[in-house]
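Below is one structure, written out as structure tokens; comments come after it.
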2 protein chains.
Amino acid sequence: MDMKEKIFEIAQRLIQQRGVNGFSYADIAKEVGVSKPSLHHHFATKTDLIARLMERYTEQLTEYLESRTNLSAQEALNAYFNLYRQNIENERVCMGGMLSTEVLTLDPCIHPLLSRFFNYQQEWLTAILKKGQSDGELKLTKTAEQQACLIIAALQGALIISRAAGNSTFFNQSITGLYTELT
Amino acid sequence: MDMKEKIFEIAQRLIQQRGVNGFSYADIAKEVGVSKPSLHHHFATKTDLIARLMERYTEQLTEYLESRTNLSAQEALNAYFNLYRQNIENERVCMGGMLSTEVLTLDPCIHPLLSRFFNYQQEWLTAILKKGQSDGELKLTKTAEQQACLIIAALQGALIISRAAGNSTFFNQSITGLYTELT
DNA sequence: GTCTATAACGAGATAGAC
DNA sequence: GTCTATCTCGTTATAGAC
């Protein structure tokens, strides 16, 4: 694996666990096994690293969801829930959620990257929900747009609260109810 | 207003807007109009300030909710939603949600304070939902416990995402759907 | 209860050699 | 592409005078 990729993966974990304001270049350098100035060679500033990482994160999400658009609505929804669920056992939260809480401390060039991350999910979910409804596979008690926002908000919030509690109980309670209501 | 109260209010705003790792004693000192060492006289360490502040925050929430336990289930639910909604216009998120994202960087003495904050809300909401169901005032499509977790998670997540987007659209979409489904 | 002065440390970032 | 050395600044916290 090349150096840029190594830096990406360690920085991403640090952000998902501790936040942008909770880690430093020194932390990455220590784990990667190079000096701090070497990191600046690959990413001139911390803001640059965050921006490139958020772009990569969104791209990976897009690929994951696009490759599952042709599944049944129930399976697609399940795949989406699992995307969030896998973070708990690693003591991570979503990078988009983490950066959102820190948004007022971040360089403004990050803001549109955050909007893009959430807008994409909103559109993907809305389409899946509409498909599921017309297929008779999902039951909607509100508009697809409202349900999509609610699902995203619930997953983000449940992940953050569950991770802080140190177990997955809260996440499971929230999402099981949500899923059984829809199916 | 006495000095401790001044410090509390400014520190609370800074945390809700920027996070524990996004502000310093210098920021408070500047706004209060005293020197940094004077702050240490009132709160010996930053961790001490955070802990006292979180206790106060939970106490205020408890008083707010207890005083509304005798309202109708719909009105109580509305009061709870408004508690979260008022943060958006001030560019704040919930202090409990903010500290939860930063939990791995905080002194462990903060952890039980966070658990208490969320456990209390869970119990209060569950009771309200059960009452509303037996009164025929609320419709539940899942257990009261699951619905309570889902509501808390959705409010936290929607607040974080909406605040980052810079408008209340996402929050309103999420919560309007949730409320109309229940009533 | 507030101040000045300062300690001790870690942050992001740069210069310049190899 | 990596290093050592260094800069500048901000951080939490303490000592001790008023």
Side-chain angles (χ1 to χ4, degrees), chain A residues 1-54 56 95 98-99 101-111 113, chain B residues 1-54 56 95 98-99 101-111 113:
Chain A
M1 185 174 27
D2 75 337
M3 183 54 61
K4 245 180 172 125
E5 190 62 19
K6 261 193 197 169
I7 298 171
F8 269 145
E9 292 198 359
I10 288 169
Q12 183 176 324
R13 180 177 56 70
L14 286 167
I15 291 175
Q16 289 187 265
Q17 290 180 334
R18 306 177 54 87
V20 169
N21 297 325
F23 85 100
S24 71
Y25 264 37
D27 296 323
I28 303 177
K30 197 177 167 185
E31 293 202 46
V32 174
V34 296
S35 66
K36 281 196 293 172
S38 297
L39 297 179
H40 283 282
H41 173 76
H42 298 283
F43 301 97
T45 67
K46 197 178 177 183
T47 293
D48 183 43
L49 170 59
I50 309 300
R52 298 295 83 75
L53 194 47
M54 193 61 210
R56 175 177 173 273
M95 193 160 81
M98 184 62 93
L99 264 57
T101 65
E102 300 181 289
V103 71
L104 296 184
T105 72
L106 300 177
D107 188 294
C109 77
I110 306 294
H111 300 181
L113 303 179
Chain B
M1 186 174 28
D2 74 337
M3 184 56 59
K4 245 179 173 129
E5 190 62 19
K6 261 192 196 169
I7 297 171
F8 270 145
E9 292 196 359
I10 288 168
Q12 184 177 324
R13 180 176 56 70
L14 286 167
I15 292 175
Q16 289 187 264
Q17 290 180 334
R18 306 176 55 88
V20 170
N21 297 324
F23 85 101
S24 71
Y25 264 37
D27 296 322
I28 303 178
K30 196 178 168 185
E31 293 203 46
V32 175
V34 294
S35 67
K36 283 194 289 172
S38 297
L39 297 180
H40 283 281
H41 172 75
H42 298 283
F43 301 98
T45 67
K46 197 178 178 183
T47 293
D48 183 43
L49 170 58
I50 309 299
R52 299 296 83 74
L53 195 47
M54 193 61 209
R56 175 177 172 273
M95 194 161 82
M98 183 62 91
L99 264 57
T101 65
E102 300 181 288
V103 71
L104 296 184
T105 72
L106 300 177
D107 188 293
C109 77
I110 305 294
H111 301 181
L113 304 179

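In what follows, every chain begins at residue 1, and chains take the letters A, B, ... in the order their sequences are listed.
- Atom-to-atom, NZ of B:Lys36 to P of D:dT11 comes out at 7 Å; the value is rounded to the nearest Å.
- Straight-line distance from the CD1 atom of A:Ile7 to the C1' atom of D:dG1: 11 Å, rounded to whole Å.
- Put simply, B:Ser24 has a side-chain N or O that comes within less than 4.0 Å of OP1 or OP2 on D:dT11.
- Per the geometry, NZ belonging to B:Lys4 stands 8 Å off P belonging to C:dG1, to the nearest Å.
- Rounded to whole Å, the distance from NE2 on B:His40 to C1' on D:dA15 is 13 Å.
- An OP1 or OP2 oxygen of D:dT2 is reached within less than 4.0 angstrom by a side-chain nitrogen or oxygen of A:His42.
- For the pair B:Ile28 CD1 and D:dT12 P, the interatomic distance rounds to 9 Å; values are reported in whole Å.
- Two residues are said to be in side-chain contact when any heavy atoms from C-beta on lie closer than 4.5 Å; B:Glu31 and B:Asp27 fail this criterion.
- Checked against C:dG12, C:dG1, D:dA15, the side chain of A:Tyr25 finds its nearest nucleotide in C:dG12.
- At D:dG1, none of the side-chain N or O atoms of A:Ser38 fall inside 4.0 Å of OP1 or OP2 (strictly under the cut-off).
- As a whole-Å value, the separation of B:Asn21 CG from D:dG10 P is 18 Å.
- The closest side-chain heavy-atom distance from B:Glu5 to B:Arg56 is below 4.5 Å.
- Between atom NE2 of residue B:His41 and atom OG of residue B:Ser35 there is a gap of 11.0 Å, rounded to the nearest 0.5 Å.
- Using a 4.0 Å heavy-atom distance criterion, B:Ser35 is classed as a base contact.
- The phosphate of C:dC3 has neither OP1 nor OP2 within less than 4.0 Å of any side-chain N or O from B:His41.
- Comparing D:dT12, C:dT14, D:dA15 by their nearest atom to the side chain of A:Pro37 picks out C:dT14.
- A 4.5 Å side-chain heavy-atom check between A:Leu53 and A:Phe43 finds every atom pair outside the cut-off.
- A:Phe43 comes within 4.0 angstrom of nothing in the nucleic acid, heavy atoms only.
- D:dT12 atom C1' lies 13 Å from atom CG of B:Asp27, rounded to whole Å.
- Here CE of A:Met98 is found 10.0 Å from CG of A:Asn21. Values are rounded to the nearest 0.5 Å.
- Per the geometry, CD1 belonging to A:Ile50 stands 15 Å off C1' belonging to C:dA13, to the nearest Å.
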